[in-house]
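Naming: A, B, ... by sequence-line order, numbering from 1 per chain.
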There are 4 protein chains.
Amino acid sequence: MQVNQRTVTEAARRAQIIDAAIEVIADLGYGQASFARIVERAGLSSTRMISYHFQGKDELMWAVLLAAMGVVDERMDERLAGITDRVEMLRGYIESQVDLLRTHPEHMRAITEVARNARDENGAPQYAPLLRDLRVGRLERQLAQGQREGVFGEFDIAVMAQTISQAVDGAAARRETDPDVDLADYARELADLFTRATRPTDPARNPN
Amino acid sequence: MQVNQRTVTEAARRAQIIDAAIEVIADLGYGQASFARIVERAGLSSTRMISYHFQGKDELMWAVLLAAMGVVDERMDERLAGITDRVEMLRGYIESQVDLLRTHPEHMRAITEVARNARDENGAPQYAPLLRDLRVGRLERQLAQGQREGVFGEFDIAVMAQTISQAVDGAAARRETDPDVDLADYARELADLFTRATRPTDPARNPN
Amino acid sequence: MQVNQRTVTEAARRAQIIDAAIEVIADLGYGQASFARIVERAGLSSTRMISYHFQGKDELMWAVLLAAMGVVDERMDERLAGITDRVEMLRGYIESQVDLLRTHPEHMRAITEVARNARDENGAPQYAPLLRDLRVGRLERQLAQGQREGVFGEFDIAVMAQTISQAVDGAAARRETDPDVDLADYARELADLFTRATRPTDPARNPN
Amino acid sequence: MQVNQRTVTEAARRAQIIDAAIEVIADLGYGQASFARIVERAGLSSTRMISYHFQGKDELMWAVLLAAMGVVDERMDERLAGITDRVEMLRGYIESQVDLLRTHPEHMRAITEVARNARDENGAPQYAPLLRDLRVGRLERQLAQGQREGVFGEFDIAVMAQTISQAVDGAAARRETDPDVDLADYARELADLFTRATRPTDPARNPN
DNA sequence: TATGAATGAGAGTTCATTCAT
DNA sequence: AATGAATGAACTCTCATTCAT
């Protein structure tokens with residue numbers, strides 16, 4: 001069908017631009033990700049192409065964020081599917097996130113860059129609160145349920161969730177400084193760390 | 001000696017510019033910190049003033065980083081002076097850092113923004129590795145000594161230090177999302193968290 | 001097909017800018033040929049036009065050099081076509097070059113200005129060696145062939161070619177000092193001069 | 001005497017600046033010879049130093065021209081002193097000038113750069129006509145006298161003088177393209193060239 | 001004889017975006 | 001679905017020069 005054809009092409013073009021944007025952001029950072037650099041990476045002729053397919057830079061960056069998070073969340077869902085034990089799920093979350101730094105470094109980096117640096121016209125962060133809600137909120141729910149089940153000790157859920165989320169960023173930072181770091185080791189250490197930090201006071205309850 | 005209203009000393013003018021730059025960076029982010037916005041904040045007439053006192057934007061940002069870190073490090077040294085117990089020092093480090101987010105939010109934010117976003121002509125991070133060495137390195141030394149003394153359990157020092165450093169950034173992020181958060185509570189929770197995470201397996205050794 | 005008054009083709013716009021640049025360079029010299037002066041001469045609104053059509057000042061100046069040399073070389077080829085006698089060709093070269101100072105003074109001047117003053121980022125001449133190769137090289141080949149044919153005497157080809165090339169610049173300099181000079185006379189004198197200077201020792205061979 | 005002392009110091013400071021300016025001009029060209037680069041080369045602290053000792057850039061460049069020409073002319077006078085034969089004097093002129101390219105390349109280059117590029121507020125050459133008068137005028141007088149004495153043939157004096165002067169610039173250009181050129185050879189070739197070009201028609205008169 | 005501080009003007013360049021098909 | 005042409009605003013940086021001691 002003609003309409004479908006055109007819609008598919010449109011979608012493909014958008015995807016091409018988004019992918020190029022992700023690469024540029026990951027390579028050079030949000031601040032250097034100009035339309036000019038993105039079209040160059042995408043192999044397109046003019047920045048006009050971007051303006052045509054996206055309402056503006058904001059929309060492009062939002063699309064980048066959605067696309068990158070879509071890929072990442074899909075992988076996370078695959079890996080965590082079927083895990084019911086809260087302690088295992090925490091470990092799984094950390095190890096999966098860190099593994100994504102290895103398998104999808106550009107997506108992970110792009111998400112961080114956009115969330116940290118995109119600002120509205122007043123200079124206020126635009127997507128950071130949203131991203132925090134998604135990431136930290138998910139962890140908070142897991143931790144709360146675990147506390148109710150008694151497999152976690154007593155701790156402030158918001159602080160713990162935020163700290164776990166940051167710890168993954170720490171792994172990313174480490175990887176950038178030291179590209180040869182063994183991320184599997186790093187992930188295991190991190191999972192151990194937070195297993196200890198979340199363990200109930202009465203060790204009988206969570207003998208990991 | 002006659003006090004001159006119009007012309008101040010080189011050092012004073014540099015400080016004035018640096019302070020304005022810190023404010024702008026903290027408010028609007030590194031990417032929005034143009035010379036024009038900085039002179040406006042500083043109450044100066046033209047961007048020419050900055051170019052006169054600094055060789056270029058790089059030098060200004062480097063000066064911002066040095067100045068902000070100088071202030072922060074001084075406060076840290078004051079607070080940690082006299083503490084010899086490693087466990088207390090870890091708690092002190094975390095609580096002091098988080099308290100600085102309350103007392104010197106702009107300096108803390110400026111340091112993070114510059115370190116994260118300043119890049120050289122190839123697009124590579126310019127100051128992030130250095131800052132990591134300073135911050136994480138300091139923690140690593142403390143942790144290693146504590147392990148030797150037996151007050152800490154077994155864990156990867158680099159991972160732990162990186163994670164603690166990131167956790168403070170997490171407190172900063174939380175404060176930006178939720179300006180009314182009680183940072184003292186947050187700090188205490190964080191200190192407790194890492195106390196548990198670093199505690200020796202044999203609880204007799206570190207009964208905190 | 002509708003003719004659009006406002007938007008012209010890329011090539012036409014480039015040519016318009018290049019022509020204006022040639023005029024400005026010829027009038028005010030390379031050092032004074034700013035984008036602002038060029039757009040003013042071209043009747044364009046903003047310097048942005050130049051940046052849009054040329055990658056940078058270097059590319060513009062290179063385009064100026066190419067365009068001016070293209071015009072000049074075309075005229076030279078027309079005038080020298082069909083001349084096979086080396087002695088006549090030398091005379092033709094000199095007279096044609098000097099005549100171009102009359103018919104295309106701005107092109108000639110622009111070539112000289114750009115070649116003399118364009119420098120790379122290290123301060124080294126950028127196009128002077130190339131221009132020398134083109135101009136002097138052409139002469140050297142003619143002189144060498146003439147020596148082989150025995151119509152020229154013995155002399156260092158490189159020195160002679162360089163000197164002939166410079167002599168034309170001398171005519172240009174003279175014309176700038178004294179705009180009323182009769183260039184045809186000047187050219188004839190110059191041709192006579194180099195005919196004597198290149199004549200074989202045995203005058204029977206080249207009785208001009 | 002106090003006043004003399006101060007005058008001497010003043011003169012020394014001017015000389016220091018002029019020397020630095022000559023070096024910068026020779027190295028980077030007239031267009032790049034900014035006050036900033038000159039004070040850097042001179043080892044001075046601020047461009048204020050130049051403005052203090054010279055009324056403006058024009059005066060500095062004029063001083064550069066005078067100083068460089070003074071040095072060069074002194075050498076020329078030394079070398080040509082005592083030569084009365086016109087033919088020998090022509091050869092001496094050429095060889096001396098070319099030798100100066102070897103012994104005083106920066107002075108020679110500075111003279112050319114300033115004379116070619118210095119312009120008044122209307123964009124007209126400022127010192128080129130003057131320099132031409134000095135250089136070419138000197139040659140013209142020699143050539144005229146030689147013609148009167150019958151040691152030179154018939155030729156347009158102005159054209160010949162201009163061409164000889166340009167030929168020396170050609171040697172300079174050659175040296176810049178090919179720093180290893182043997183300038184003594186070049187000078188001899190050039191002297192031979194113009195000896196032939198100026199020789200009387202009746203070879204009995206000038207059998208060189 | 002010298003200096004530190006400041007300046008207005010202009011440089012080339014990049015930015016995301018819009019016009020007109 | 002795409003394009004070539006154009007744009008206004010902002011950017012950092014450099015220029016020679018002046019003010020006030």
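- Between D:Ile50 atom CD1 and F:dT18 atom P the separation is 14 Å, expressed in whole Å.
- In this structure, CD1 of D:Ile17 is placed 12 Å from P of E:dT1, rounded to the nearest angstrom.
- Within the model, atoms CG of D:Leu66 and OH of D:Tyr127 stand 8.5 Å from one another, a figure rounded to the nearest 0.5 Å.
- Residues from residues 51-65 of chain B placing a heavy atom under 4.0 Å of any atom in DNA chain E, listed by number, are B:Tyr52, B:His53.
- The structure places CD1 of A:Ile50 at 9.0 Å from NZ of A:Lys57, a figure rounded to the nearest 0.5 Å.
- Rounded to whole angstrom, the span from the CD atom of C:Glu121 across to the P atom of E:dT13 amounts to 13 Å.
- Donor-acceptor pairing under 3.5 Å, judged by distance alone, is present between the side chain of A:Arg48 and the base of E:dT18.
- Each of E:dT17, F:dA16, E:dG4 was ranked by its minimum atom distance to the side chain of D:Phe35; first place goes to F:dA16.
- For the atom pair C:Met61 CE and C:Glu113 CD, the distance stands at 10.0 Å (nearest 0.5 Å).
- Pair check for F:dT21 finds E:dA2; Watson-Crick or G-U wobble, both atom distances under 3.5 Å.
- The interatomic distance linking B:Arg14 (CZ) with E:dG4 (C1') rounds to 15 Å, in whole Å.
- Rounding to the nearest 0.5 Å gives a distance of 12.5 Å between CZ of B:Arg37 and CD1 of B:Ile25.
- With a 3.5 Å ceiling on both atom-pair distances, the Watson-Crick or G-U wobble partner of E:dG12 is F:dC11.
- At the phosphate of F:dC15, neither OP1 nor OP2 sits under 4.0 Å from any side-chain N or O atom of D:Thr47.
- Looking at heavy-atom distances under 4.0 Å, D:Ser46 makes no contact with the nucleic acid at all.
- With respect to D:His53, the side-chain hydrogen bond (donor to acceptor under 3.5 Å, both in side chains) criterion is satisfied by exactly one of D:Glu10, D:Arg13, D:Arg14: D:Glu10.
- For A:Arg37, a side-chain nitrogen or oxygen approaches OP1 or OP2 of E:dC15 to under 4.0 Å.
- Taking every side-chain heavy atom of C:Met49 into account, F:dA6 is the closest of F:dC15, F:dA6, F:dA2.
- With values rounded to the nearest 0.5 angstrom, B:Ile38 atom CD1 is found 10.0 Å from B:Thr47 atom OG1.
- Residue A:Ser34 places at least one side-chain N or O closer than 4.0 Å to OP1 or OP2 of E:dC15.
- The CD-P distance, from D:Glu10 to E:dT1, rounds to 6 Å in whole Å.
- Put simply, CD on A:Gln16 is 13 Å from C1' on F:dA2, counting in whole angstrom units.
- The gap from the P atom of E:dT1 to that of F:dT21 amounts to 22 Å, rounded to the nearest Å.
- In this structure, B:Ile38 atom CD1 and F:dC13 atom C1' are separated by 14 Å, rounded to whole Å.
- Remark: side-chain polar atoms of A:Asp120 are paired, donor with acceptor, to backbone N or O of A:Asn122 under 3.5 angstrom.
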